Amino acid sequence: MISPRYHREKPQRYRLEAGKCNSCEHISFPPRLVCPKCKSKEFETVNLSDEGTIKTFTIIRVASDIFALQTPFAVGIVELNDGVRLTTQIADVDLDQLKIGLKVKMVFRKIQDEGKSGLHCYGYKSVLI
Amino acid sequence: MREVAVIGTGMTNFGELWGKSIKDIFVEAALEAIESAGVDHIDSIYVGAMSSGLFVGQEHLGAVMADYLGQNPVPATRVESACASGGASFRAAYHEVASGASDIVLAGGVEKMTDGADVTEALATAADQDYEVYQGITFPGLYAMIANAHMHEFGTKRENLAQVSVKNHKNGSNNPNAQFKSIITVDQVLNSTLVADPLRLLDCSPVSDGGAAVILCPMDIAKKFTGTPVRIKATSQASGTIALHSRDSLTTLDSVKTAAEKAYKMAGLKPADINFAEVHDCFTIAEIVVSEDLGFFEKGKGGAAVEEGKTAMDGLIPINTSGGLKSKGHPVGATGIAQIIELYEQLTGQAGKRQVKNAKIGLAQNMGGSGASCVINILEAI
């Protein structure tokens with residue numbers, strides 16, 4: 001995760017910025033150049049809802065090297081209240097309590113350290129409401 | 001478009017091949033394929049490989065393999081579609097022959113995964129790096145999320161996942177090239193180490209080295225080279241969203257459904273016409289979901305189908321007679337070609353103890369990522 005790439009994604013990772021299609025209103029997260037639903041190229045920048053529901057999840061017991069020290073940790077697919085889904089860690093949770101359908105809110109957290117330079121990389125996680 | 005046949009096959013054992021390099025592995029498989037086809041030259045080479053750059057620090061595999069195979073100046077190209085690289089390599093070769101551009105083409109695949117790379121990280125590059133992997137998800141994790149959703153939505157049982165693994169190990173015990181020839185029990189699966197809940201170690205295909213290659217030629221000259229060519233009845237491919245979370249359904253793989261519809265249409269067949277299938281069981285849940293999306297079973301009934309023995313060797317539609325990725329091994333780029341080789345052996349009556357009775361039509365389904373790529377090939381005995 002080299003630095004220019006990290007900085008480029010900040011609007012999404014820090015503020016949940018997405019692109020709402022001016023033609024069909026489909027929300028793309030992250031923003032895209034072409035709407036995958038109607039092929040329009042006109043978008044309005046919107047901020048996603050910060051609350052949603054767990055649609056599915058897993059508990060990562062074996063991670064890549066960069067996440068190895070965090071195991072075990074939960075990752076889920078959350079559907080935000082505006083209908084957009086994203087993949088996010090579910091933090092501060094008793095892993096045995098996790099189940100599909102629980103409500104969560106999005107929070108700002110450190111996600112990982114960049115490999116060789118050790119740059120802290122931040123973004124969104126979710127916590128149970 | 002010309003009709004195309006497979007006329008020769010070759011593959012290495014799958015497993016931890018410490019003593020062999022990626023070049024050794026590919027060349028061994030390719031030489032065997034050329035010899036078994038009985039061809040005196042090849043016109044073109046395709047090499048399916050997912051991530052040789054990360055696994056062994058070597059790109060430009062087409063040129064590397066053409067050189068070490070002693071085939072310069074034959075054109076050679078690497079084909080990459082993550083775990084579907086082998087299937088995509090086969091499709092590229094098919095089109096080159098079908099179009100009339102070449103007559104004799106080698107379609108191969110290879111992966112060398114045990115040379116010390118962070119395999120979890122390398123495999124995860126087949127998902128969305130910025131919006132899935134950044135959060136710490138792994139490939140077992142993505143399929144685990146599909147498994148949890150499938151169990152929640154359809155009541156699929158944890159035991160059903162284990163039954164896939166038990167069946168595939170049983171099949172693989174009769175495959176001399178398989179990485180794991182061990183018979184296992186449901187209890188062993190359920191008590192193996194958790195990798196990504198609910199998936200355990202014995203739900204996961206292994207880290208493997210291996211290579212596989214086949215030779216294709218136009219059907220009208222196939223008889224010149226071998227007595228038992230096999231007809232390529234259909235080939236198809238479809239893409240789906242790169243991120244699992246972008247899909248309308250977390251329990252249906254749209255790329256598999258679309259590729260299947262295209263393949264059945266091209267072949268003029270329906271799911272019930274398929275005698276046996278090799279499907280991409282990178283994780284046990286994948287075989288269940290794919291068996292539904294290929295139309296073999298109603299959506300949500302794939303788990304019950306395994307429990308009822310419908311996918312066993314003597315079942316309604318034997319699935320993964322080779323042992324599948326789980327038991328045979330999953331050297332990623334080689335897998336799609338190895339599936340074709342199992343079809344070839346079954347359709348030419350050379351599958352030994354794994355032989356499916358009256359095997360006339362076989363289907364191979366090869367998948368990349370969490371289903372963002374899917375390649376399907378249907379082969380027919382002549």
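On a predicted model such as this, the values are computed, not experimentally measured, just so you know. Computation of the quantities below employed the complete heavy-atom set of this structure, encompassing side-chain atoms and omitting hydrogens, waters and symmetry-equivalent molecules. All chains are named by letter (A, B, ...) in the order of the sequence lines, taking the proteins before the strands, and each is independently numbered beginning at 1.
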Peer 1: Quick check on the interface: out of B/T193, B/D248, B/V119, who has the most heavy-atom pairs with chain A under 4.5 Å?
Peer 2: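 Result: the option with the highest number of such pairs is B/D248.
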Peer 1: With ring centroids as reference points, do A/F108 and A/Y14 lie under 6.0 angstrom apart?
Peer 2: yes
Peer 1: Between A/E17 and A/R15, does any side-chain N to carboxylate O distance fall below 4.0 Å?
Peer 2: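 Here A/E17 pairs with A/R15 in a salt bridge, since their nearest N and O are under 4.0 Å apart.
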Peer 1: Please look at A/I59 and chain B and tell me whether the side chain, the backbone, both or neither of the residue comes under 4.5 angstrom of a heavy atom of that chain.
Peer 2: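 Answer is both: backbone and side chain atoms of A/I59 are under 4.5 Å from chain B.
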Peer 1: Looking at A/K20 and A/E44, is any side-chain nitrogen of the basic one under 4.0 Å from a carboxylate oxygen of the acidic one?
Peer 2: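 Looking at A/K20 together with A/E44, the answer is no, because their closest N to O distance does not fall below 4.0 Å.
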Peer 1: Would you call A/R5-B/D130 a salt bridge at under 4.0 Å N-O?
Peer 2: yes
Peer 1: When you measure from the centre of the six-membered ring of A/Y122, is the NZ or CZ of A/R13 closer than 6.0 Å and no more than 45° off the axis?
Peer 2: no
Peer 1: Are B/Q129 and B/T125 close enough, and set up right, to give a side chain to side chain contact (heavy atoms under 4.5 Å, CB included), and what steps lead you there?
Peer 2: CA-CA 6 Å; B/Q129 275 295 318; B/T125 59; 3.5 Å; yes
Peer 1: Tell me which of these, B/T241, B/L123, B/N148, has more heavy-atom pairs under 4.5 Å with chain A than the rest.
Peer 2: B/N148
Peer 1: Identify which part of B/L199 has an atom lying under 4.5 Å from any heavy atom of chain A, answering side chain, backbone, both or neither.
Peer 2: neither
Peer 1: Looking only at heavy atoms, what is the nearest atom pair of B/G303 and B/Q163, with distance?
Peer 2: O-OE1, 4.5 Å
Peer 1: Taking NZ in A/K41 as the centre, count heavy atoms belonging to other residues, nucleotides or ligands within less than 6.0 Å. Is the count above 12?
Peer 2: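 Counting other residues, nucleotides and ligands, NZ of A/K41 stays at 12 neighbours or fewer.
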Peer 1: Tell me, side chain or backbone of A/F73 under 4.5 Å from chain B's heavy atoms, or both, or neither?
Peer 2: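 Side chain of A/F73 only, per the 4.5 Å heavy-atom cut-off to chain B.
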Peer 1: Taking B/D197, B/V133, B/L142 one by one, which has the highest count of heavy-atom pairs under 4.5 Å against chain A?
Peer 2: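 Among the listed options, the one with the most contacts to chain A is B/D197.
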Peer 1: Verify the ring-centre separation between B/F139 and B/F283: is it less than 6.0 angstrom?
Peer 2: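 When the ring centroids of B/F283 and B/F139 are compared, they turn out to be at least 6.0 Å apart.
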Peer 1: Hey, which residues of residues 100-107 of chain A are touching chain B, say heavy atoms under 4.5 Å apart?
Peer 2: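 Those residues of residues 100-107 of chain A which have a heavy atom under 4.5 Å from chain B are A/I100.
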Peer 1: Under 6.0 Å from the NZ atom of A/K125, do we count more than 12 heavy atoms belonging to anything else shown?
Peer 2: yes
Peer 1: I'd like to verify something: which residue of A/P36, A/G123, A/P30 has the highest number of heavy-atom pairs under 4.5 Å with chain B?
Peer 2: A/P30
Peer 1: Under 4.5 Å heavy-atom distance to chain A, tell me which part of B/A149 shows up: side chain, backbone, both or neither.
Peer 2: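 Contact with chain A: backbone and side chain both.
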